[in-house]
2 protein chains.
Amino acid sequence: MPVDDLCVSRVPIFQGLTREEQLRVAEFVRPVHVAKGETVYSPGQSVSRLLVMHSGQLKVSHAAANGQEQILRTVTDGDVVGERAFLTGHLPNDLVVALEDSRMCVFDHTDLSALLRDYPDVGLRMLRTLSDRLASVERLLAAITSSDVSARIAAYLLDLPGSIRDGVPTVWLPLAKYEIASYLGTTPETLSRRLAALSASGVIELHGRRDVTILDIDGLERVATPR
Amino acid sequence: MPVDDLCVSRVPIFQGLTREEQLRVAEFVRPVHVAKGETVYSPGQSVSRLLVMHSGQLKVSHAAANGQEQILRTVTDGDVVGERAFLTGHLPNDLVVALEDSRMCVFDHTDLSALLRDYPDVGLRMLRTLSDRLASVERLLAAITSSDVSARIAAYLLDLPGSIRDGVPTVWLPLAKYEIASYLGTTPETLSRRLAALSASGVIELHGRRDVTILDIDGLERVATPR
DNA sequence: CACCGAACATGATCTATGTCAAGGAGTTCC
DNA sequence: GGAACTCCTTGACATAGATCATGTTCGGTG
């Protein structure tokens with residue numbers, strides 16, 4: 001099964017296993033492809049599975065009590081989704097939607113349980129992944145409570161995986177602006193104003209809707225670390 | 001070693017091991033006692049250990065860039081501290097201080113690594129603990145970005161382990177008010193005002209500095225879930 | 001290629017909460 | 001049991017950012 005094999009071997013939490021072990025793990029796994037815009041997971045869904053991302057990007061959001069959608073995170077290669085349902089037995093109450101065409105490894109919970117018992121390394125790597133996520137949420141939390149919106153935006157832009165185009169650092173926003181606003185704990189209006197301000201002061205340049213070039217990295221870093 | 005034994009057997013992540021296994025784990029573990037006010041962990045400390053709480057209470061805080069102390073969480077029985085340093089190799093950059101006299105099991109990292117390999121169940125329970133923490137931080141984050149301070153306070157009070165005194169639900173604040181303010185992403189002044197308002201509207205009653213009786217649970221829940 | 005709708009920008013206004021300042025109350029420690 | 005220090009409360013004020021409303025741009029679609 002070359003496809004399953006590929007799926008397992010590409011994902012960080014299964015690296016460190018021998019090829020033979022990977023093949024055995026592959027028997028438990030189902031490779032799944034979802035198209036952009038499709039819903040992967042919806043709240044209260046009784047059948048719950050563990051997803052391990054392999055390519056593409058998903059967004060995880062939470063319908064708050066007041067009806068607002070709160071973006072919790074975006075997940076990319078190597079990230080894990082749905083571990084809480086497996087670990088604690090609670091039903092998932094997040095909404096997961098594909099931002100791009102995505103591929104992932106899917107495990108049923110019963111299988112996963114046995115898997116972790118047989119391959120402690122996998123558990124260790126999962127722990128590492130969760131620990132990273134925890135650190136990243138705590139960073140975001142600290143950022144939201146202790147800095148203003150401009151600083152959060154700057155930090156967000158600096159965190160984004162960037163590329164160099166024509167010698168200038170460029171980032172491609174993975175989310176629509178109103179979604180970024182939600183993620184950063186603000187509103188689209190404020191985000192728009194602050195981006196405009198950063199642009200006016202020559203720190204960044206906006207091209208089209210999702211394309212940002214960073215003209216002055218140091219300046220942006222200064223904004224991200226306020227006094 | 002009955003003391004070590006006790007330490008290990010009292011902690012959730014080691015339950016599920018047989019008595020014999022617990023005894024073997026106990027060899028790795030060092031029981032530690034810290035007095036109220038003592039520092040358990042400080043940022044950048046090069047020797048890092050894993051703590052598993054057993055009794056008492058610690059507070060974990062983070063010195064933000066602007067010098068403000070941000071309270072990240074309080075940890076109580078069964079909680080784990082310092083796993084990130086172990087899992088990722090990064091130095092800890094949180095400050096951990098004992099709020100009460102506390103007892104905990106301490107592992108050195110090298111030992112822990114072997115432990116997780118030998119007892120996959122321990123890893124699984126650690127995963128569960130981390131997953132709970134993640135969920136709780138994500139809840140806090142959502143609360144901070146999508147509700148006002150009154151709602152956060154109400155939710156906080158409802159979350160606190162409460163007792164019944166004279167037939168009335170009573171909570172004992174585990175932190176000083178200025179620390180609670182930090183945890184909830186606000187200031188002592190605002191917290192004070194909101195508590196006063198809740199008190200004025202007859203929902204709660206304040207006694208002394210840390211003692212709160214809840215007169216109207218439904219009312220408090222209504223405040224916690226705003227429209 | 002022109003249309004259409006969603007996403008975005010901008011302006012005017014309002015309000016919750018932060019900030020600064022000063023006085024009061026609760027603990028703690030001798 | 002009282003002094004002394006924190007912690008907490010209250011007040012007056014300033015302001016970042018939310019909200020509401022309207023106009024504009026982009027990018028996909030027929």
Side-chain angles (χ1 to χ4, degrees), chain A residues 35-37 59 64 66-71 97 99-101 143-154 156 172-201 204-212 223 226-227, chain B residues 35-37 59 64 66-71 97 99-101 143-154 156 172-201 204-212 223 226-227:
Chain A
K36 177 175 176 174
K59 90 176 169 188
N66 56 24
Q68 294 285 310
E69 175 192 39
Q70 159 81 12
I71 305 270
V97 174
L99 292 172
E100 315 167 359
D101 290 15
I144 285 188
T145 59
S146 69
S147 41
D148 63 11
V149 175
S150 298
R152 288 179 238 162
I153 295 172
Y156 180 75
W172 176 258
L173 305 178
L175 296 167
K177 295 230 175 80
Y178 72 94
E179 293 173 310
I180 297 177
S182 154
Y183 179 70
L184 296 177
T186 182
T187 57
E189 291 93 330
T190 300
L191 176 63
S192 177
R193 282 183 241 272
R194 296 308 147 116
L195 281 175
L198 285 174
S199 179
S201 64
I204 61 171
E205 212 171 78
L206 301 161
H207 301 100
R209 289 214 159 157
R210 296 221 166 172
D211 207 16
V212 183
V223 175
R227 180 84 301 271
Chain B
K36 177 176 174 173
K59 89 175 170 190
N66 56 24
Q68 294 284 311
E69 175 193 39
Q70 157 81 13
I71 307 270
V97 175
L99 292 172
E100 315 167 357
D101 289 15
I144 286 187
T145 58
S146 70
S147 40
D148 63 12
V149 175
S150 298
R152 288 178 239 162
I153 296 172
Y156 180 75
W172 176 257
L173 304 179
L175 296 167
K177 293 229 176 82
Y178 73 94
E179 293 172 310
I180 296 177
S182 154
Y183 178 70
L184 296 177
T186 182
T187 58
E189 292 92 329
T190 300
L191 175 63
S192 178
R193 282 183 242 273
R194 295 309 146 121
L195 281 174
L198 285 173
S199 179
S201 63
I204 61 171
E205 212 171 79
L206 301 162
H207 303 102
R209 287 214 159 157
R210 296 218 167 173
D211 207 15
V212 183
V223 175
R227 182 89 301 272

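The chains referred to below are lettered A, B, ... by the order of the sequence lines, with proteins before strands, and numbering in each begins at 1. Computed from a predicted structure; not experimentally measured.
A close approach under 4.0 Å does occur between a side-chain nitrogen or oxygen of K177(A) and OP1 or OP2 of dA9(C). Residue T190(A) places no side-chain N or O under 4.0 Å from the OP1 or OP2 atom of dG17(D). Close to dT17(C), at under 4.0 Å from its OP1 or OP2, lies a side-chain N or O of R194(B). Taking 4.0 angstrom as the limit, T187(A) places none of its side-chain polar atoms (N or O) nearer than this to OP1 or OP2 of dG17(D).
For Y178(A), the side-chain atoms get nearest to dC8(C) when compared with the rest of dC8(D), dG11(C), dC8(C).
Between the side chain of E189(B) and the base of dC8(D), no donor-acceptor pair under 3.5 Å is found. Side-chain atoms of R210(B) stay outside donor-acceptor range of the base of dG26(C), with no qualifying N/O pair under 3.5 Å.
Here dA25(C) presents its P atom at 19 Å from CG of D211(B), a figure rounded to the nearest Å. Protein atom CZ of R209(A) is 12 Å distant from nucleotide atom P of dA6(C), rounded to whole Å. As rounded to whole Å, 8 Å separates atom P of dC8(D) from atom CD1 of I180(B). The nearest whole Å value for the distance from the NE2 atom in H207(B) to the P atom in dT9(D) is 14 Å. Atom-to-atom, CZ of R193(A) to P of dA12(C) comes out at 11 Å; the value is rounded to the nearest Å.
Taking the side chain as every heavy atom from C-beta outward, L184(A) and V149(A) never approach each other to under 4.5 Å.
We find the CD1-CD1 distance between I153(A) and I204(A) to be 8.0 Å, quoted to the nearest 0.5 Å.
In terms of position on DNA chain D, the residue among T186(A) and G208(A) whose nearest nucleotide sits closer to the 5' end is T186(A).
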